[in-house]
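For reference, the structure is listed below as structure tokens.
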Amino acid sequence: MPDGYKPTNDDRLTIISISALACILQDVLHEGLGHGLTAWLSGAHKVTMSTVAMQSDIETRWISANGTLVNLLFAAIFSLLLLKPQRYSPAVRYFLVLALAGNLFTGTGYFFFSGVANFGDWAAVIHGLKPYWMWRLGLVVLGVVMYFASMLQVGAQLLPFRGAESRSSRLRALCWIPYFTDGILAGVSGALNPMGLFYVIASALPSTLGANAGLLSLPSMMRNWRFKGSTQVQAGRVSDAEQAERVAPIRRSVAWIATGAIASLLFIFVLGRGLTWSR
């Protein structure tokens, strides 16, 4: 075992609960605060929101764009909260990193998705603009550049969670568990939506599994990353910079688990079935 290394035994159930809460937050921000509130303030008389989509009796480019823009706005807020991450407990810090990742990946991934598939929020935003092929190409390029930049930003926040070895099983678990948790949550809740199975296949799963694909790649991408201020050390040893920065284990938390369970049930059986506001 490397010098200065202490095993990190993160509690898997707490990680799953934190992952579910971050996923739910991102979805509610996108569909509710982004699309839903914008439609309501724009004069819509009926708004229906579920976990996979928002429908209203009016359509504007602003309504379509605001889901993504709200995600990017909150990603900036979470970035500011993480400027001094040492003040947070490991669980809170991990939640903020996942919230950052979810909002960044959804916000930037939607540009690429709409440009390639000609479907979704930003396909509606650029509808009717000419030359259309150039707008689609612009979305693809913008999406690729911004998504890669997002991976670098999220990776920098996850680096202190990495174990002593470069092939960190801890980092892999902290990235892969939220990916599959989000996919399961999106699929189950989406299956109950009032708009049909099409939106699960065309919206819920691509926007979750596709947008969060960066989480699958980050562990291998970060294999040779070094801590700021660290220097080359003997193989099997941990530098002082790494030891000082490393985040402690995420311990079992009844509060996180209970909150995650309640929020997931509401997300699946209440929001999943759709909520409607009329005036």
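Below, all heavy atoms of this structure are taken into account, side chains as well, without hydrogens, waters or symmetry copies.
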Enter the distance from [X]:[atom1] to [Y]:[atom2] here, rounded to the nearest 0.5 Å.
| X | Y | atom1 | atom2 | answer |
| --- | --- | --- | --- | --- |
| I18 | L174 | CD1 | CG | 9.5 Å |
| N193 | Q55 | CG | CD | 9.0 Å |
| W176 | S169 | CH2 | OG | 11.0 Å |
| T108 | F113 | OG1 | CZ | 14.0 Å |

Inter- and intrachain pairs under side-chain hydrogen bond (donor to acceptor under 3.5 Å, both in side chains), touching residues 126-148, at least two apart: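 Qualifying pairs: N118-Y132.
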
For the hydrophobic clusters of this structure (ILVMFWY residues joined by side-chain heavy atoms under 4.5 Å, transitively), does one cluster hold both [X] and [Y]?
| X | Y | value |
| --- | --- | --- |
| Y179 | F112 | no |
| V92 | I257 | no |
| F269 | I24 | yes |
| M222 | Y94 | yes |
| L81 | I250 | yes |

Any side-chain heavy-atom pair from [X] and [Y] closer than 4.5 angstrom?
| X | Y | answer |
| --- | --- | --- |
| I58 | S42 | yes |
| L158 | C175 | yes |
| D11 | R251 | no |
| T48 | L275 | no |
| F180 | L216 | yes |
| P160 | R93 | yes |
| I268 | L185 | yes |

Evaluation steps, ring-ring contact (aromatic ring centres under 6.0 Å, His included), between F95 and W256: CA-CA 10 Å; F95 170 77; W256 280 106; 5.6 Å; yes

Y110 and H30 aromatic ring geometry - parallel, tilted or perpendicular at 30°/60° bounds: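 Judged by the thresholds at 30° and 60°, the geometry between H30 and Y110 is parallel.
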
Intermediate values then yes/no, side-chain hydrogen bond (donor to acceptor under 3.5 Å, both in side chains), T38 and N66: CA-CA 7 Å; T38 303; N66 256 14; 2.8 Å; yes

Check against side-chain hydrogen bond (donor to acceptor under 3.5 Å, both in side chains), S64 and W122: CA-CA 7 Å; S64 298; W122 284 85; over 6 Å; no

Residue pair Q153, S79: steps toward the side-chain hydrogen bond (donor to acceptor under 3.5 Å, both in side chains) verdict: CA-CA 9 Å; Q153 184 176 356; S79 295; 2.6 Å; yes

Distance-only donor-acceptor check, side chains S253 and T14, under 3.5 Å: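 There is no such pair (donor and acceptor under 3.5 Å, judged by atom type) between the side chains of S253 and T14.
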
Enclosure of W277 CH2 (heavy-atom neighbours >12, cutoff 6.0 Å):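 Correct, the count exceeds 12.
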
Residue W225 excluded, over 12 heavy atoms near CH2 under 6.0 Å: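 Yes, CH2 of W225 has more than 12 neighbouring heavy atoms, counting only those of other groups under 6.0 Å.
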
